[in-house]
**Q** 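Structure below; questions to follow.
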Protein chains: 2
Amino acid sequence: MAKKPIELGEGELAVMRALWEGGPQTVRDVMNRLHERGRNVAYTTVLTFLTRLEQKGVVASDKRDTAYVYRARISRQSVTASRIKTLVDQLYDGAAAPVLLHLIEHERFTPQEIAQLRKLIQDLDSRAEDPR
Amino acid sequence: MAKKPIELGEGELAVMRALWEGGPQTVRDVMNRLHERGRNVAYTTVLTFLTRLEQKGVVASDKRDTAYVYRARISRQSVTASRIKTLVDQLYDGAAAPVLLHLIEHERFTPQEIAQLRKLIQDLDSRAEDPR
DNA sequence: GACGCTCTACGACAGATGTAGTATCTTCTC
DNA sequence: GAGAAGATACTACATCTGTCGTAGAGCGTC
């Protein structure tokens, strides 16, 4: 049941972001994106990342013309979920509230975000009553 | 200015928790706590963790009687802040909102927590208007 | 003062991650 | 079809983290 946590290192995550933000790409495309973001890694380093990520099952590749095109098989949301769960478990035994409160108290949000937030808070009530 | 991120592994974090929750302790005390929590590590493993944590500057020790007593030098809050910042930076380029929304949508909270949440949301307005 | 208990110091080792070099293979261009 | 350009495969290596084992130092008890 409990899906295995997706553990990705910082570099691997940077590569995933390139795929999430740019869609399916070749190694070279990903490398260029990383360079644009200030991460000047070698072509082969990117290839290593992609290969490892494929082994982990989080990206897939297809041969197209001369080069392979890689694409993400997991969403940014699922990685976010995984990271948050790990954080919350490791720091607060699974209690999400402290983390949530920390975010609200220490981060800044736009009025739009606050509005959205408020809306969600309302729905929370019903969920709180909701058994299970 | 920007304080360097505090990067701790899972085992190191488990040791920090023992110190946060039990106050200053000896290696053996920490080990016992970890065992209680189901992490059956060897005495020397705990010692290694504590030593490394001290090298990182996040715990301190004092010789008392026969054994050293270790204590945390950083708070759980600061580690939480650090972890969240890293997460938010790596996944959303620093935008905290997606993470916040994820938490609200996917985690459960008690009515008390929701109430507290609501109260905080109110204060948010003023902060949002507040320049800088 | 020898014995045993407990503690610390040090070293080791495997797996994960970040990084890249070299070798080989494909393909495009004259 | 030979050479250049670009792609992938394979290997390597350092660092960090989790995990211990062993050796030696300090102290309490006969």
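All heavy atoms count here, side chains included; hydrogens, waters and symmetry mates do not.
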**Q** So does B:Arg73 have more than 12 non-hydrogen atoms from other groups sitting under 6.0 Å from CZ?
**A**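 No - once you tally the heavy atoms of other residues, nucleotides and ligands closer than 6.0 Å, there are 12 at most.
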**Q** Provide, to the nearest angstrom, the distance between the CD atom belonging to B:Glu54 and the P atom belonging to C:dT8.
**A**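 Computing the B:Glu54:CD to C:dT8:P distance gives 11 Å.
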**Q** Is the shortest heavy-atom distance from the side chain of B:Arg76 to the side chain of B:Leu13 under 4.5 Å?
**A**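 Side chain of B:Arg76 against side chain of B:Leu13, heavy atoms only: no contact under 4.5 Å found.
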**Q** Regarding B:Gln25 and B:Arg71, is there a side-chain donor-to-acceptor distance under 3.5 Å anywhere?
**A**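 Per modelled atom types, B:Gln25 and B:Arg71 side chains form no pair under 3.5 Å.
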**Q** Ignoring backbone atoms, test whether B:Tyr43 places a side-chain nitrogen or oxygen under 4.0 Å from the OP1 or OP2 oxygen of C:dT8.
**A**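 For C:dT8, OP1/OP2 do have a side-chain N/O of B:Tyr43 under 4.0 Å.
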**Q** Check whether any side-chain N or O of B:Arg28 sits under 4.0 Å from OP1 or OP2 of C:dT6, and answer yes or no.
**A**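 So the side chain of B:Arg28 is outside the cut-off, no N or O lying under 4.0 Å from OP1 or OP2 of C:dT6.
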**Q** Have a look at A:Met16 and tell me which of A:Ile6, A:Ile74, A:Val79 forms a side-chain contact (heavy atoms from CB on, under 4.5 Å) with it.
**A**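 Exactly one pass, corresponding to A:Ile74.
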**Q** Compute whether any side-chain donor of one residue and acceptor of the other, for A:Thr86 and A:Asp89, lie under 3.5 angstrom apart.
**A**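 Note: A:Thr86 and A:Asp89 side chains miss the donor-acceptor criterion.
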**Q** Can you give one letter per nucleotide of nucleotides 9-30 of chain C, 5' to 3': B if a protein heavy atom sits under 4.0 Å from the base, S if only from the sugar-phosphate, - if neither?
**A** B-BB----BBBBBB--------
**Q** Calculate the interatomic distance between B:Leu50 atom CG and D:dC20 atom C1'; express it in whole Å.
**A**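 Rounding to the nearest Å, CG of B:Leu50 and C1' of D:dC20 are 16 Å apart.
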**Q** Can A:Gln90 and B:Arg83 be counted as having a side-chain donor-acceptor contact under 3.5 angstrom?
**A**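 Result is yes, a qualifying pair exists.
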